[in-house]
Enquirer: 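Let me give you the structure first, and then I'll get to my questions.
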Amino acid sequence: AAFAQTAAPVAPAVPATPAVVKAEAKAEKSVAAAVKSEAKVDAKADAKVSKADAAAAEKKAKAMAKAEKTKAKADAKAAKAAPEDKAAAMAKADKTDAKADMKADKAVVKADTKAAVVG
């Protein structure tokens, strides 16, 4: 689109016969239709990218919320554990927290990748 155009050599004046006028009008109409079509395709592509980005953001937010919920549940369970089971319960909660974070991170990467493919 950003190519430098060289000046076309000046063609000898063609008499404006009805056939020439008609051909020029047809060519101009064709160019206008192509421009309109390209704009339509661009708008559709932009909408598709926006939709994909929104879907990715939603998936990421859901994944993070799910991870936080899972972690809170695990921590609450560990807090309720009997004193003699506290260390094991805390270790299990930490493991659950790590798994939840890993799962959320994986979901975020997947959502971003999917959005990037569309964009």
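Worth saying up front: this structure is predicted, and the values here are computed from it rather than measured. Every heavy atom of this structure was used, including side-chain atoms; hydrogens, water molecules and symmetry mates were not.
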Enquirer: Please name all residues satisfying side-chain hydrogen bond (donor to acceptor under 3.5 Å, both in side chains) with Asp101, sequence neighbours left out, ordered by chain then number.
Expert: Lys71
Enquirer: May I have the list of side-chain donor-acceptor pairs in residues 27-53 shorter than 3.5 Å, sequence neighbours left out?
Expert:
residue : atom : partner : partner atom : Å
Ser50   : OG   : Asp46   : O            : 3.1

Enquirer: With Asp112, which residues qualify under side-chain contact (heavy atoms from CB on, under 4.5 Å), at least two apart?
Expert: Lys60, Val108
Enquirer: Please enumerate all residues that pass salt bridge (Lys or Arg N to Asp or Glu O under 4.0 Å) together with Lys62, with sequence neighbours excluded.
Expert: Glu58
Enquirer: With a cutoff of under 4.5 Å between side-chain heavy atoms, which Ile, Leu, Val, Met, Phe, Trp and Tyr residues group with Val21?
Expert: none
Enquirer: Please list, one pair per line, the donor and acceptor atoms closer than 3.5 Å that link side chains of residues 74-95 to other protein atoms, with sequence neighbours excluded.
Expert:
residue : atom : partner : partner atom : Å
Lys86   : NZ   : Ala79   : O            : 2.8

